[in-house]
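Scroll down for the structure; my scribbles are underneath it.
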Amino acid sequence: MEKLETWKVILIIIAVFGYVIGNIMLLKYANKFNVKAKLDKQIKPEQPEDNDKQEEKEERK
């Protein structure tokens, strides 16, 4: 089996560190977005319908 040359090993190590650091930076950047507020806005229109259905069930009893 052929051994890797030193510059190839260094290149692989740099590529791996670059990938990991890039992903960490992406997570930090994505954390700035307020996704919960957007999800709440999307879910809110559905909630009154659910409440209406629950009220109809209570009226039937």
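All values below were derived from every heavy atom in this structure, side-chain atoms included, with hydrogens, water molecules and symmetry-related copies excluded.
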Which of these passes side chain to side chain contact (heavy atoms under 4.5 Å, CB included) with Met25: Leu27, Asn23, Ile21?
Ile21
d(Trp7 CH2, Ile12 CD1) to nearest 0.5 Å is 9.5 Å
Distance col, row Asn31:CG vs Leu26:CG, nearest 0.5 angstrom, shows 11.0 Å
Let me check something: do Leu4 and Phe17 share a hydrophobic cluster, defined by ILVMFWY side-chain heavy atoms less than 4.5 Å apart, either directly or through other members?
yes
